[in-house]
Amino acid sequence: MVENTPNRQPAHSRAQRPASGLGMRLVGAVLQIVGCLLLLVAANRIRMTGTVLNSPYRSLPIWQTLLVTTGMLCTGVVVLYAGRRLSRHGRRHFTRVLRSPHELGSEPFVLFLRPFSEDRKTFQSGSAFSGHGSALSLFMSAGMENPSSQTLEEGISRTFQRFARLLAVGQPGEKLPLPGADKLYLPLDGWQPIVSELLTRARLVVLVAAPGPGTLWEFSEAVRLLPPARLILLVLSDDTLAHEPSAYDHFRRSVPEAFAARDAHVRPPLLPDCPPLRHPDRLLWEPAVRGIVRFDAAWTPEFVRLDPTAVRALTHLGRAKKLARQQIDPLLERLQRALP
């Protein structure tokens, strides 16, 4: 990858077409509205099915009534999904792309570091603290209660915007930057000194705890350069079975070896296990972000588990809002008080 210079526009920003992106967002919004309406009509028909079937005045045979309702439900799901995807892709044309770190000037920023392998998850998943479960529950909850097509990275960006704008290193070779954080594209060779400089300048560093040599190097460099209050680890949910190690487990087991390979004088923090849910039998959905690890002044970690079983509400959206209010907001306030 060729290093971008201040007088040369990055290829990724040249590929951005704001007019096309705006059109995609408008069409996507219309499709989402149509999809939600179809789902509402289908849900109402399902609710009224018993009354219609028992009515002597029904105009359609039973099998036709069920076929029409099923067709409406399936069409609504497909249209809603297409609208969400189109809206997300349209927002890629509006992501801010920096030519070089010098463009930041004195502007404060939150540095978001993650393995590029996680980008597919952050683009396809829902917002940071929404639930995910079966495909049907995802469509129904996202479409009926939260029609936003916000991605995980966009949710993370909005969550931490109280500190500063989110900045991430863009994945080499991608045609368009993902929506969410501002993007800075680095050369394939010699990227480490630039990341080190960004670490020292960032107001806060948010690092996704997932295995990968680049991420392990970034974690060790952050521990070497930063005071503990300016680093947090983000633990994402994954699809591993209960008896299988998660991405976070692989990450924390790899940390001692990664630190030993770099500098024996920098001791790695002893990362804790993921705490259990308060009521595992009540788990209906899990946030896309499983938890956040913060550090005290002595680099002692604290794993704050986002536990949907510890809150009660009538709807999925209500539970997500209550989870944010009771578990996430207090943590962010503590982080903000500890930062300069």
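All values derive from a computational prediction rather than experimental measurement.
R91 has a carboxylate O that lies under 4.0 Å from a charged side-chain N of E154, or vice versa, which qualifies the two as a salt bridge.
Between T159 and L332, some side-chain heavy-atom pair lies under the 4.5 Å cut-off. With a 4.5 Å cut-off on side-chain heavy atoms, S220 and V266 do not count as touching. Using a 4.5 Å heavy-atom threshold, the side chains of L207 and I232 count as separate. Contact annotation: the side chain of R158 approaches that of Q150 to within less than 4.5 Å [non-hydrogen atoms, C-beta and beyond]. Counting heavy atoms from C-beta outward, V289 and L236 have side chains that approach closer than 4.5 Å. The side-chain heavy atoms of D296 and E302, taken from C-beta on, include no pair separated by under 4.5 Å. Side-chain contact between L331 and Q327 is absent, with no heavy atoms from C-beta onward closer than 4.5 Å. Here the side chains of V206 and L113 are not in contact, with every heavy-atom distance at 4.5 Å or above.
Rounding to the nearest 0.5 Å gives a distance of 4.0 Å between SG of C274 and CZ of R305. Here E153 contributes atom CD and T95 contributes atom OG1; the two are 8.0 Å apart, rounded to the nearest 0.5 Å. Distance check, rounded to the nearest 0.5 Å: CZ of R99 to CG of L184 gives 12.0 Å. To the nearest 0.5 angstrom, R294 atom CZ is 10.5 Å from T300 atom OG1. Rounding to the nearest 0.5 Å gives a distance of 5.5 Å between CG of L176 and NE2 of H89. One finds the CG atom of L225 at 12.0 Å from the CD atom of E218 (value rounded to the nearest 0.5 Å).
Partners of P272 by side chain to side chain contact (heavy atoms under 4.5 Å, CB included), not counting sequence neighbours, listed by chain and number: Y248, P301, F303. Every residue meeting the salt bridge (Lys or Arg N to Asp or Glu O under 4.0 Å) condition with D329, not counting sequence neighbours, appears here in chain and number order: R162. Not counting sequence neighbours, R203 has no partner by the salt bridge (Lys or Arg N to Asp or Glu O under 4.0 Å) test. Taking the side chain to side chain contact (heavy atoms under 4.5 Å, CB included) definition, one finds that R230 meets it with L226, P227, L339, sequence neighbours left out.
Taking hydrophobic clusters as Ile, Leu, Val, Met, Phe, Trp and Tyr residues chained together by side-chain heavy-atom distances below 4.5 Å, F116 shares a cluster with L167. Under the 4.5 Å side-chain heavy-atom criterion for Ile, Leu, Val, Met, Phe, Trp and Tyr, V255 and W299 are members of the same hydrophobic cluster. Grouping the Ile, Leu, Val, Met, Phe, Trp and Tyr side chains by contacts below 4.5 angstrom, directly or via other members, places V78 apart from Y81. One hydrophobic cluster, built from ILVMFWY side chains closer than 4.5 Å, cannot hold both L270 and F295; they sit in different ones.
Between A15 and K175, the shortest heavy-atom distance links the atoms CB-O, 3.4 Å. Heavy atoms only, all atoms of each residue included: L199 and A222 are closest at CD1-N, 4.0 Å. Taking every heavy atom of both residues into account, A202 and L111 meet most closely at CB-CB, 3.8 Å. Nearest heavy atoms, P179 versus T151: O-OG1, 4.0 Å. Shortest non-hydrogen contact noted between P256 and R253 is CD-O, 3.6 Å. Closest approach of F160 to L204, counting heavy atoms only: CD2-CD2, 4.0 Å.
Looking at T200, its side chain does come within 3.5 Å of a backbone N or O of E197 through a donor-acceptor pair.
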For the pair R325 and E333, evaluate salt bridge (Lys or Arg N to Asp or Glu O under 4.0 Å) and give the outcome as yes or no after the intermediate values.
-> CA-CA 11 Å; R325 187 169 60 251; E333 290 170 3; over 6 Å; no
When you look at V293 and V304, which way does the side chain to side chain contact (heavy atoms under 4.5 Å, CB included) test go after all the steps?
-> CA-CA 6 Å; V293 180; V304 180; over 6 Å; no
Could you walk me through whether V195 and E221 pass the side chain to side chain contact (heavy atoms under 4.5 Å, CB included) check?
-> CA-CA 9 Å; V195 171; E221 187 74 351; over 6 Å; no
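Atom CZ of R278 has 12 or fewer heavy atoms from other residues, nucleotides or ligands within 6.0 Å. Around atom CD of E257, no more than 12 heavy atoms belonging to other residues, nucleotides or ligands sit under 6.0 Å away.
Among residues at least two apart or in separate chains, ring pair (Phe, Tyr, Trp, His ring centres under 6.0 Å) pairs with a member in residues 210-237 are W191-W217, F219-F251, F219-F259.
Taking Ile, Leu, Val, Met, Phe, Trp and Tyr as members and joining any whose side-chain heavy atoms lie under 4.5 Å apart, directly or through other members, the hydrophobic cluster of L26 also contains L22, F94.
Side-chain atoms of E174 and Y185 include a donor-acceptor pair closer than 3.5 Å.
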